[in-house]
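Below is one structure, written out as C-alpha coordinates; comments come after it.
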Amino acid sequence: MENITLATGNSSSGGFFGKLFHFPKSEEENLPYYLADLWPLFLGLVVAEYFALVIKGKTPRIGESLNSLAHGIISETTKILTLGIEVSIYASVHRKYRILDLPWDSPITWYIAFLGVDLAYYFAHRATHEINFLWAQHQVHHSSEDFNIAVSIRHPISHSWINSFFYLPLAFFIPPAHCLAHQQFNLIYQAWIHTPLVGSLGPLEYILNTPTHHKVHHGCNLYVLDKNFGGFLIIWDRIFGTFQSHRPEEELVFGIVFQHHSFNPFWQMWHKFPVLFTRVKSMESWRDALKVLFYGPSWIPGVDAPRLGRDEDKVDIRPRPKFELSLPFWLQAYLILHFLTLAGLFQEFAIKKGNLDELSIGSTLTFFIWTLTTIGLLSGGNPWGPPLEILRCILCLLLIPAHFQLTATLIFIPSAILWICFQVSKHSKNTLSRS
(Lines give C-alpha, C1' and ligand atoms only; values in the text may rest on other atoms or scores of the structure.)
Protein backbone atom coordinates (compact mmCIF):
# COMPACT_ATOMS: atom_id res chain seq x y z
CA MET A 1 0.00 0.00 0.00
CA GLU A 2 1.58 3.26 -1.08
CA ASN A 3 -1.09 5.91 -0.65
CA ILE A 4 -2.81 5.13 2.64
CA THR A 5 -4.50 8.22 4.09
CA LEU A 6 -6.77 9.00 7.01
CA ALA A 7 -10.21 10.52 6.41
CA THR A 8 -12.13 12.67 8.87
CA GLY A 9 -15.71 13.84 8.80
CA ASN A 10 -18.86 11.77 8.34
CA SER A 11 -18.62 11.01 4.67
CA SER A 12 -18.68 7.24 4.95
CA SER A 13 -21.91 5.42 4.36
CA GLY A 14 -23.82 4.63 7.50
CA GLY A 15 -23.34 8.03 9.11
CA PHE A 16 -21.49 8.62 12.36
CA PHE A 17 -21.77 5.17 13.96
CA GLY A 18 -21.44 3.44 10.61
CA LYS A 19 -18.09 5.10 10.18
CA LEU A 20 -16.87 4.13 13.65
CA PHE A 21 -17.37 0.45 12.81
CA HIS A 22 -16.09 0.74 9.24
CA PHE A 23 -12.76 -0.61 7.97
CA PRO A 24 -11.57 -0.13 4.36
CA LYS A 25 -12.53 -2.96 2.02
CA SER A 26 -9.60 -2.28 -0.31
CA GLU A 27 -6.09 -0.85 -0.17
CA GLU A 28 -7.20 2.24 -2.07
CA GLU A 29 -9.95 3.28 0.36
CA ASN A 30 -9.20 5.90 3.00
CA LEU A 31 -8.91 4.75 6.61
CA PRO A 32 -11.34 6.60 8.94
CA TYR A 33 -9.77 8.74 11.65
CA TYR A 34 -11.80 7.18 14.44
CA LEU A 35 -10.36 9.37 17.22
CA ALA A 36 -11.68 12.61 15.71
CA ASP A 37 -15.13 11.13 15.16
CA LEU A 38 -15.29 9.84 18.73
CA TRP A 39 -14.53 13.25 20.28
CA PRO A 40 -18.19 14.16 21.06
CA LEU A 41 -18.84 10.69 22.51
CA PHE A 42 -15.68 10.94 24.61
CA LEU A 43 -16.78 14.28 26.10
CA GLY A 44 -20.13 12.69 26.87
CA LEU A 45 -18.38 9.92 28.81
CA VAL A 46 -16.35 12.48 30.75
CA VAL A 47 -19.55 14.31 31.75
CA ALA A 48 -21.37 11.05 32.63
CA GLU A 49 -18.44 9.91 34.77
CA TYR A 50 -18.36 13.30 36.50
CA PHE A 51 -22.00 13.05 37.61
CA ALA A 52 -21.55 9.40 38.61
CA LEU A 53 -18.62 10.40 40.84
CA VAL A 54 -20.67 13.27 42.29
CA ILE A 55 -23.37 10.78 43.25
CA LYS A 56 -20.71 8.63 44.94
CA GLY A 57 -19.36 11.68 46.80
CA LYS A 58 -16.05 11.79 44.87
CA THR A 59 -16.39 14.97 42.81
CA PRO A 60 -13.42 15.49 40.46
CA ARG A 61 -11.74 18.88 40.47
CA ILE A 62 -12.96 21.00 37.54
CA GLY A 63 -9.56 22.63 37.03
CA GLU A 64 -7.76 19.29 36.89
CA SER A 65 -10.27 17.75 34.49
CA LEU A 66 -10.13 20.74 32.13
CA ASN A 67 -6.36 20.61 32.34
CA SER A 68 -6.34 16.95 31.24
CA LEU A 69 -8.70 17.71 28.35
CA ALA A 70 -6.51 20.66 27.37
CA HIS A 71 -3.49 18.37 27.06
CA GLY A 72 -5.59 16.02 24.96
CA ILE A 73 -6.57 18.77 22.51
CA ILE A 74 -2.99 20.03 22.25
CA SER A 75 -1.50 16.59 21.61
CA GLU A 76 -4.28 15.55 19.23
CA THR A 77 -3.98 18.80 17.24
CA THR A 78 -0.25 18.17 16.87
CA LYS A 79 -0.97 14.63 15.77
CA ILE A 80 -3.53 15.75 13.17
CA LEU A 81 -0.97 18.13 11.67
CA THR A 82 1.94 15.67 11.60
CA LEU A 83 0.29 12.27 11.17
CA GLY A 84 0.79 12.35 7.41
CA ILE A 85 4.56 12.27 7.95
CA GLU A 86 4.34 9.26 10.28
CA VAL A 87 2.04 7.44 7.86
CA SER A 88 4.32 8.18 4.90
CA ILE A 89 7.40 6.84 6.69
CA TYR A 90 5.64 3.64 7.75
CA ALA A 91 4.11 3.10 4.29
CA SER A 92 7.47 3.71 2.61
CA VAL A 93 9.24 1.15 4.80
CA HIS A 94 6.45 -1.37 4.19
CA ARG A 95 6.54 -0.82 0.44
CA LYS A 96 10.32 -1.06 0.05
CA TYR A 97 11.50 -3.40 2.79
CA ARG A 98 8.68 -5.71 3.87
CA ILE A 99 9.82 -9.29 4.34
CA LEU A 100 6.36 -10.85 4.46
CA ASP A 101 3.21 -10.23 2.43
CA LEU A 102 0.24 -10.76 4.71
CA PRO A 103 -3.14 -11.04 2.91
CA TRP A 104 -5.06 -7.76 3.09
CA ASP A 105 -8.44 -9.34 3.82
CA SER A 106 -7.35 -12.24 6.04
CA PRO A 107 -8.51 -12.41 9.69
CA ILE A 108 -5.02 -13.72 10.50
CA THR A 109 -3.53 -10.41 9.36
CA TRP A 110 -5.99 -8.58 11.60
CA TYR A 111 -5.06 -10.65 14.68
CA ILE A 112 -1.32 -10.38 14.01
CA ALA A 113 -1.69 -6.61 13.70
CA PHE A 114 -3.64 -6.51 16.97
CA LEU A 115 -0.94 -8.40 18.87
CA GLY A 116 1.94 -6.61 17.14
CA VAL A 117 0.62 -3.12 17.84
CA ASP A 118 -0.20 -3.96 21.46
CA LEU A 119 3.27 -5.43 22.06
CA ALA A 120 4.93 -2.42 20.41
CA TYR A 121 2.82 -0.12 22.58
CA TYR A 122 3.98 -2.00 25.69
CA PHE A 123 7.65 -1.36 24.88
CA ALA A 124 6.99 2.25 23.82
CA HIS A 125 5.16 2.92 27.08
CA ARG A 126 7.83 1.17 29.12
CA ALA A 127 10.56 3.22 27.43
CA THR A 128 8.84 6.49 28.36
CA HIS A 129 9.10 5.49 32.02
CA GLU A 130 12.57 3.95 32.01
CA ILE A 131 14.45 6.50 29.85
CA ASN A 132 14.75 9.80 31.66
CA PHE A 133 14.53 12.23 28.73
CA LEU A 134 11.42 10.38 27.50
CA TRP A 135 9.95 10.47 31.00
CA ALA A 136 10.44 14.26 31.04
CA GLN A 137 7.81 14.34 28.28
CA HIS A 138 5.54 11.46 29.36
CA GLN A 139 5.25 12.72 32.97
CA VAL A 140 2.46 15.01 31.73
CA HIS A 141 0.19 11.96 31.47
CA HIS A 142 0.89 11.08 35.11
CA SER A 143 0.89 14.57 36.61
CA SER A 144 -2.86 14.57 37.29
CA GLU A 145 -3.66 13.90 40.93
CA ASP A 146 -7.05 12.54 39.86
CA PHE A 147 -7.69 9.25 38.07
CA ASN A 148 -10.57 9.57 35.61
CA ILE A 149 -11.48 9.24 31.94
CA ALA A 150 -10.26 12.74 31.11
CA VAL A 151 -6.72 11.63 32.05
CA SER A 152 -6.76 9.07 29.22
CA ILE A 153 -6.04 11.77 26.62
CA ARG A 154 -3.59 13.73 28.80
CA HIS A 155 -0.61 13.19 26.49
CA PRO A 156 2.46 15.24 25.56
CA ILE A 157 2.73 16.59 22.03
CA SER A 158 5.52 14.07 21.37
CA HIS A 159 3.35 11.08 22.33
CA SER A 160 2.51 9.99 18.79
CA TRP A 161 6.06 10.43 17.49
CA ILE A 162 7.66 8.44 20.31
CA ASN A 163 5.25 5.58 19.75
CA SER A 164 5.76 5.68 15.98
CA PHE A 165 9.41 4.62 16.36
CA PHE A 166 8.31 1.48 18.18
CA TYR A 167 5.59 0.74 15.63
CA LEU A 168 7.99 1.11 12.70
CA PRO A 169 9.44 -2.46 12.86
CA LEU A 170 5.89 -3.72 12.25
CA ALA A 171 6.14 -2.22 8.75
CA PHE A 172 8.27 -5.20 7.72
CA PHE A 173 5.16 -7.38 7.68
CA ILE A 174 1.96 -5.55 8.77
CA PRO A 175 0.10 -3.44 6.14
CA PRO A 176 -0.13 0.28 7.05
CA ALA A 177 -3.94 0.43 7.30
CA HIS A 178 -4.05 -2.47 9.76
CA CYS A 179 -1.30 -0.94 11.91
CA LEU A 180 -2.93 2.50 11.90
CA ALA A 181 -6.35 1.10 12.69
CA HIS A 182 -5.06 -0.87 15.67
CA GLN A 183 -3.08 2.09 16.97
CA GLN A 184 -6.35 4.01 17.14
CA PHE A 185 -8.32 1.09 18.62
CA ASN A 186 -5.60 0.63 21.26
CA LEU A 187 -5.91 4.24 22.43
CA ILE A 188 -9.71 4.18 22.26
CA TYR A 189 -9.75 1.08 24.48
CA GLN A 190 -7.58 2.83 27.05
CA ALA A 191 -10.17 5.55 27.69
CA TRP A 192 -12.35 3.39 29.93
CA ILE A 193 -9.48 1.86 31.92
CA HIS A 194 -8.87 5.31 33.44
CA THR A 195 -12.14 5.32 35.36
CA PRO A 196 -12.31 4.70 39.13
CA LEU A 197 -15.93 3.51 38.80
CA VAL A 198 -15.16 -0.05 37.65
CA GLY A 199 -13.92 -2.73 40.03
CA SER A 200 -12.47 -6.18 39.41
CA LEU A 201 -13.54 -8.01 36.25
CA GLY A 202 -12.77 -11.46 37.59
CA PRO A 203 -10.92 -13.86 35.25
CA LEU A 204 -10.54 -11.13 32.61
CA GLU A 205 -8.02 -9.48 34.92
CA TYR A 206 -5.50 -12.17 33.94
CA ILE A 207 -5.58 -11.19 30.26
CA LEU A 208 -6.87 -7.63 29.77
CA ASN A 209 -5.60 -4.32 31.00
CA THR A 210 -8.39 -3.08 33.26
CA PRO A 211 -9.10 -0.10 35.52
CA THR A 212 -7.85 -2.19 38.45
CA HIS A 213 -4.48 -2.72 36.78
CA HIS A 214 -4.18 0.74 35.29
CA LYS A 215 -4.85 2.66 38.47
CA VAL A 216 -1.81 0.83 39.85
CA HIS A 217 0.19 2.16 36.90
CA HIS A 218 -0.90 5.72 37.69
CA GLY A 219 0.05 5.52 41.34
CA CYS A 220 3.32 7.04 42.55
CA ASN A 221 3.68 4.88 45.67
CA LEU A 222 7.05 3.15 45.68
CA TYR A 223 5.69 -0.36 45.13
CA VAL A 224 3.81 0.61 41.93
CA LEU A 225 6.49 2.70 40.20
CA ASP A 226 7.19 1.53 36.63
CA LYS A 227 4.56 -1.22 36.60
CA ASN A 228 1.66 -2.31 34.34
CA PHE A 229 2.62 -0.76 30.99
CA GLY A 230 0.16 -2.74 28.87
CA GLY A 231 -2.30 -1.10 26.49
CA PHE A 232 -5.07 -3.58 25.65
CA LEU A 233 -3.51 -6.70 27.18
CA ILE A 234 -1.85 -7.12 30.57
CA ILE A 235 -0.15 -10.37 29.54
CA TRP A 236 2.97 -8.50 28.36
CA ASP A 237 3.56 -7.24 31.90
CA ARG A 238 3.13 -10.74 33.25
CA ILE A 239 5.57 -12.12 30.67
CA PHE A 240 8.25 -9.42 31.04
CA GLY A 241 8.10 -9.06 34.82
CA THR A 242 6.52 -5.60 35.15
CA PHE A 243 3.14 -6.66 36.52
CA GLN A 244 2.01 -5.43 39.93
CA SER A 245 -1.33 -6.14 41.56
CA HIS A 246 -3.11 -3.60 43.72
CA ARG A 247 -2.66 -3.76 47.49
CA PRO A 248 -6.06 -2.75 48.91
CA GLU A 249 -4.54 -2.00 52.31
CA GLU A 250 -2.31 0.76 50.85
CA GLU A 251 -4.03 3.85 49.43
CA LEU A 252 -2.83 4.72 45.95
CA VAL A 253 -1.52 8.27 45.50
CA PHE A 254 -1.97 9.65 41.98
CA GLY A 255 0.34 12.18 40.36
CA ILE A 256 4.12 12.25 40.07
CA VAL A 257 6.68 11.89 42.85
CA PHE A 258 7.72 15.55 42.76
CA GLN A 259 4.28 17.01 42.15
CA HIS A 260 3.88 20.51 40.72
CA HIS A 261 1.13 22.99 41.59
CA SER A 262 -0.06 24.46 38.32
CA PHE A 263 -2.83 24.06 35.74
CA ASN A 264 -0.85 25.77 32.96
CA PRO A 265 -0.62 23.02 30.31
CA PHE A 266 2.42 24.43 28.50
CA TRP A 267 4.43 24.88 31.67
CA GLN A 268 3.51 21.33 32.67
CA MET A 269 4.83 20.01 29.35
CA TRP A 270 8.30 21.53 29.63
CA HIS A 271 9.05 22.16 33.29
CA LYS A 272 11.05 18.93 33.67
CA PHE A 273 13.57 19.78 30.95
CA PRO A 274 15.45 22.63 32.72
CA VAL A 275 15.81 20.35 35.76
CA LEU A 276 17.00 17.49 33.55
CA PHE A 277 19.61 19.55 31.71
CA THR A 278 20.85 21.15 34.94
CA ARG A 279 21.41 17.64 36.26
CA VAL A 280 23.21 16.63 33.07
CA LYS A 281 25.61 19.59 33.36
CA SER A 282 26.32 18.76 37.00
CA MET A 283 27.73 15.32 36.15
CA GLU A 284 31.50 14.89 36.45
CA SER A 285 31.86 12.68 33.35
CA TRP A 286 30.21 12.45 29.95
CA ARG A 287 29.36 8.82 30.76
CA ASP A 288 27.31 9.85 33.79
CA ALA A 289 25.76 12.69 31.79
CA LEU A 290 24.53 10.21 29.19
CA LYS A 291 23.24 7.93 31.94
CA VAL A 292 21.17 10.82 33.33
CA LEU A 293 19.49 11.08 29.93
CA PHE A 294 19.11 7.40 29.04
CA TYR A 295 18.80 5.64 32.42
CA GLY A 296 15.76 5.82 34.66
CA PRO A 297 14.69 9.03 36.45
CA SER A 298 15.76 7.56 39.81
CA TRP A 299 19.33 6.67 38.79
CA ILE A 300 22.07 8.52 40.69
CA PRO A 301 25.85 8.35 40.16
CA GLY A 302 28.50 7.06 42.53
CA VAL A 303 26.52 4.34 44.30
CA ASP A 304 26.78 1.52 41.75
CA ALA A 305 23.04 1.86 41.12
CA PRO A 306 21.25 -0.28 38.51
CA ARG A 307 19.78 1.33 35.40
CA LEU A 308 16.45 2.18 37.08
CA GLY A 309 17.98 3.23 40.40
CA ARG A 310 17.91 1.65 43.84
CA ASP A 311 14.67 1.45 45.80
CA GLU A 312 16.39 2.90 48.86
CA ASP A 313 17.15 6.07 46.88
CA LYS A 314 13.54 6.54 45.76
CA VAL A 315 10.86 8.51 47.59
CA ASP A 316 8.02 6.42 49.00
CA ILE A 317 5.03 8.71 48.53
CA ARG A 318 2.25 8.60 51.10
CA PRO A 319 -1.23 10.22 50.93
CA ARG A 320 -0.80 13.98 50.55
CA PRO A 321 -3.03 17.04 49.99
CA LYS A 322 -3.94 17.72 46.37
CA PHE A 323 -3.40 21.05 44.66
CA GLU A 324 -6.85 22.58 44.79
CA LEU A 325 -8.28 26.06 44.67
CA SER A 326 -11.87 26.70 45.71
CA LEU A 327 -13.28 28.18 42.50
CA PRO A 328 -16.58 30.08 42.73
CA PHE A 329 -19.47 28.57 40.81
CA TRP A 330 -19.57 31.42 38.27
CA LEU A 331 -15.90 30.85 37.39
CA GLN A 332 -16.40 27.11 37.00
CA ALA A 333 -19.35 27.76 34.67
CA TYR A 334 -17.29 30.32 32.74
CA LEU A 335 -14.36 27.93 32.25
CA ILE A 336 -16.65 25.12 31.13
CA LEU A 337 -18.47 27.40 28.64
CA HIS A 338 -15.24 28.55 27.01
CA PHE A 339 -13.77 25.07 26.98
CA LEU A 340 -16.88 23.70 25.26
CA THR A 341 -16.62 26.51 22.70
CA LEU A 342 -13.05 25.47 22.00
CA ALA A 343 -14.01 21.78 21.95
CA GLY A 344 -16.55 22.48 19.21
CA LEU A 345 -13.95 24.37 17.17
CA PHE A 346 -11.49 21.52 17.68
CA GLN A 347 -14.03 19.05 16.27
CA GLU A 348 -14.54 21.26 13.21
CA PHE A 349 -10.77 21.68 12.82
CA ALA A 350 -10.22 17.90 12.96
CA ILE A 351 -12.83 17.36 10.26
CA LYS A 352 -11.92 20.25 7.94
CA LYS A 353 -8.16 20.51 8.49
CA GLY A 354 -7.39 19.22 5.00
CA ASN A 355 -9.40 22.06 3.43
CA LEU A 356 -7.89 24.91 5.48
CA ASP A 357 -5.16 27.24 4.26
CA GLU A 358 -2.01 28.02 6.25
CA LEU A 359 -3.42 31.25 7.70
CA SER A 360 -6.57 29.50 8.96
CA ILE A 361 -4.54 26.69 10.51
CA GLY A 362 -2.16 29.16 12.17
CA SER A 363 -4.93 31.34 13.59
CA THR A 364 -6.81 28.26 14.85
CA LEU A 365 -3.72 26.95 16.61
CA THR A 366 -3.10 30.37 18.16
CA PHE A 367 -6.68 30.41 19.45
CA PHE A 368 -6.29 26.89 20.90
CA ILE A 369 -2.99 27.71 22.63
CA TRP A 370 -4.15 31.04 24.05
CA THR A 371 -7.53 29.72 25.21
CA LEU A 372 -6.12 26.62 26.91
CA THR A 373 -3.38 28.66 28.57
CA THR A 374 -5.80 31.22 30.02
CA ILE A 375 -8.17 28.48 31.18
CA GLY A 376 -5.24 26.90 33.01
CA LEU A 377 -4.14 30.21 34.52
CA LEU A 378 -7.67 31.07 35.67
CA SER A 379 -8.13 27.57 37.12
CA GLY A 380 -4.92 27.94 39.10
CA GLY A 381 -5.58 31.47 40.35
CA ASN A 382 -2.65 32.95 38.41
CA PRO A 383 -2.79 36.80 38.38
CA TRP A 384 -1.91 36.82 34.67
CA GLY A 385 -5.14 34.98 33.88
CA PRO A 386 -7.66 37.88 33.86
CA PRO A 387 -5.64 40.37 31.73
CA LEU A 388 -4.74 37.67 29.20
CA GLU A 389 -8.39 36.63 29.06
CA ILE A 390 -9.52 40.22 28.40
CA LEU A 391 -7.03 40.49 25.55
CA ARG A 392 -8.08 37.10 24.16
CA CYS A 393 -11.77 38.05 24.12
CA ILE A 394 -11.07 41.37 22.38
CA LEU A 395 -8.86 39.76 19.72
CA CYS A 396 -11.44 37.04 19.10
CA LEU A 397 -14.10 39.70 18.48
CA LEU A 398 -11.83 41.50 16.02
CA LEU A 399 -10.41 38.48 14.17
CA ILE A 400 -13.10 35.80 14.26
CA PRO A 401 -14.41 34.76 10.79
CA ALA A 402 -17.71 36.31 9.68
CA HIS A 403 -19.71 33.06 9.91
CA PHE A 404 -18.81 32.86 13.64
CA GLN A 405 -19.48 36.54 14.35
CA LEU A 406 -22.86 36.09 16.07
CA THR A 407 -21.51 33.36 18.34
CA ALA A 408 -18.42 35.43 19.07
CA THR A 409 -20.53 38.47 19.96
CA LEU A 410 -22.74 36.48 22.35
CA ILE A 411 -19.77 34.87 24.09
CA PHE A 412 -16.79 37.21 23.99
CA ILE A 413 -18.39 40.65 24.59
CA PRO A 414 -19.98 39.59 27.93
CA SER A 415 -16.76 37.73 28.80
CA ALA A 416 -14.58 40.79 28.19
CA ILE A 417 -16.95 43.01 30.20
CA LEU A 418 -16.97 40.46 33.04
CA TRP A 419 -13.17 40.40 33.37
CA ILE A 420 -12.80 44.16 32.97
CA CYS A 421 -15.25 44.62 35.85
CA PHE A 422 -13.39 41.95 37.83
CA GLN A 423 -10.07 43.74 37.36
CA VAL A 424 -11.55 47.15 38.22
CA SER A 425 -13.14 45.70 41.36
CA LYS A 426 -9.90 44.00 42.34
CA HIS A 427 -7.90 47.21 41.80
CA SER A 428 -10.40 49.20 43.88
CA LYS A 429 -10.17 46.73 46.77
CA ASN A 430 -6.37 46.82 46.67
CA THR A 431 -6.43 50.63 46.69
CA LEU A 432 -8.79 50.72 49.67
CA SER A 433 -6.74 48.17 51.58
CA ARG A 434 -3.60 50.33 51.17
CA SER A 435 -5.33 53.57 52.20
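Every heavy atom of this structure was used, including side-chain atoms; hydrogens, water molecules and symmetry mates were not.
- By the 6.0 Å and 45° rule, R238 stacks over the aromatic ring of F243.
- Side-chain contact of E389 with S415: a donor-acceptor pair under 3.5 Å is absent, judged by distance alone.
- Salt-bridge check for E49 with K56: failed, with every basic side-chain N at 4.0 Å or more from each acidic carboxylate O.
- The distance between the ring centers of W39 and F346 falls below 6.0 angstrom.
- Looking only at side-chain heavy atoms (C-beta outward), I234 and E205 stay at 4.5 Å or farther from each other.
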Let me see the working for W161 and T82 under side-chain hydrogen bond (donor to acceptor under 3.5 Å, both in side chains), right down to the final yes or no. CA-CA 9 Å; W161 276 97; T82 62; 3.3 Å; yes
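- No side-chain heavy atom of P328 sits less than 4.5 Å from a side-chain heavy atom of Q332.
- Not a single donor-acceptor pair under 3.5 Å links the side chain of N228 to the backbone N or O of V216.
- Nearest heavy-atom pair across Y334 and C393 is OH-SG, 4.0 Å.
- With salt bridges taken as basic N to acidic carboxylate O contacts below 4.0 Å, one links D146 and K322.
- Taking 4.5 Å as the limit, every side-chain heavy atom of I390 sits out of range of all side-chain heavy atoms of F422.
- In this structure, the side chains of L335 and H338 stay at 4.5 Å or more apart for every pair of heavy atoms.
- Between the side chains of N186 and Q190, at least one donor-acceptor pair of N or O atoms lies under 3.5 Å.
- Here F232 and Y121 keep their ring centres 6.0 angstrom or further from each other.
- For CZ of F240, the number of neighbouring non-hydrogen atoms (other residues, nucleotides, ligands) closer than 6.0 Å is greater than 12.
- Annotation: F273, atom CZ; neighbour count of heavy atoms from other residues, nucleotides and ligands within 6.0 Å is above 12.
- In terms of modelled atom types and a separation under 3.5 Å, the side chain of S106 and the main chain of P103 share no donor-acceptor contact.
- Ring orientation note: the planes of H214 and H141 are tilted relative to one another, at an angle of 30° to 60°.
- The distance between the ring centers of W384 and W267 does not fall below 6.0 angstrom.
- Between the side chains of R392 and T371, at least one donor N or O sits under 3.5 Å from an acceptor N or O.
- Rounding to the nearest 0.5 Å places CZ of R318 at 11.0 Å from SG of C220.
- L395 CG to F412 CZ: the interatomic distance, rounded to the nearest 0.5 Å, is 10.5 Å.
- A ring-centre distance under 6.0 Å is not found for Y90 and Y167.
- Residues W135 and H142 place their aromatic rings such that the two centres sit under 6.0 Å apart.
- Taking 4.0 Å as the cut-off between side-chain N and carboxylate O, D237 and K227 do not count as a salt-bridged pair.
- Remark: side-chain polar atoms of N221 are not paired, donor with acceptor, to backbone N or O of E250 under 3.5 angstrom.
- Side-chain atoms of S65 do not come within 3.5 Å of backbone N or O of I62 as any donor-acceptor pair.
- Between I74 and T78, the closest heavy-atom pair is O-OG1, 2.9 Å.
- The distance from atom CG of L201 to atom OG1 of T212, rounded to the nearest 0.5 Å, is 6.0 Å.
- Below 30°, between 30° and 60°, or above 60°: for W330 and W419 the angle between ring planes is between 30° and 60°, a tilted geometry.
- D105 contributes atom CG, which lies 12.5 Å from atom CH2 of W110 (distance to the nearest 0.5 angstrom).
- Taking the centre of each ring, F147 and H218 come in below the 6.0 Å mark.
- More than 12 heavy atoms of other shown residues, nucleotides or ligands fall within 6.0 angstrom of atom CG in L398.
- Within 6.0 Å of the OH atom in Y223, the count of heavy atoms belonging to other residues, nucleotides or ligands exceeds 12.
- Nearest approach of R247 to Q244, heavy atoms of both residues: NE-NE2, 4.2 Å.
- For the pair P319 and E251, the tightest heavy-atom approach, listed with the atom from each and the gap, is CG-OE1, 3.5 Å.
- From L45, atom CG reaches atom OG1 of T195 across 9.5 Å, with rounding to the nearest 0.5 Å.
- Using bins of under 30°, 30° to 60° and over 60° for the plane-to-plane angle, the ring pair H217/H138 lands in the tilted bin.
- Judged by distance alone, with hydrogens and angles left aside, the side-chain atoms of W370 form a donor-acceptor pair with the main-chain N or O of L388 at under 3.5 Å.
- H71 has its ring centre no less than 6.0 Å from the ring centre of H155.
- Counting heavy atoms from C-beta on, the side chains of I317 and L222 never come closer than 4.5 Å.
- At least one side-chain heavy atom of L372 sits less than 4.5 Å from a side-chain heavy atom of F339.
- For H94 and H178, the ring centers are positioned 6.0 Å apart or more.
- Of all the heavy atoms in V93 and L168, the pair that sits closest is CG2-CD1, 4.0 Å.
- Closest of all the heavy-atom pairs between S143 and R154 is OG-NH2, 2.9 Å.
- Between the side chain of Q137 and the backbone N or O of S158, no donor-acceptor pair lies under 3.5 Å.
- Annotation: side chain of N382 is not in contact with side chain of N264 (no heavy-atom distance under 4.5 Å).
- Inspection of the S92 and Y97 side chains reveals no N or O donor paired with an N or O acceptor under 3.5 Å.
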Evaluate the criterion side-chain hydrogen bond (donor to acceptor under 3.5 Å, both in side chains) for residue pair N148 and E64; output intermediate values, then yes/no. CA-CA 10 Å; N148 52 43; E64 187 76 282; over 6 Å; no
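- Taking the six-membered ring wherever Trp is involved, the centroid distance between the rings of F123 and F166 does not fall below 6.0 Å.
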Start with the C-alpha distance between S160 and E86, add both sets of side-chain angles, then the distance that settles side-chain hydrogen bond (donor to acceptor under 3.5 Å, both in side chains), and finish with yes or no. CA-CA 9 Å; S160 179; E86 298 175 34; 2.8 Å; yes
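- Using cut-offs of 30° and 60° on the angle between ring planes, the pair F185 and H182 is perpendicular.
- Atoms CZ and CD, on F323 and E145 in that order, are 9.0 Å from each other to the nearest 0.5 Å.
- You'll find the side chain of L276 reaches within 4.5 Å of the side chain of N132, heavy atoms only.
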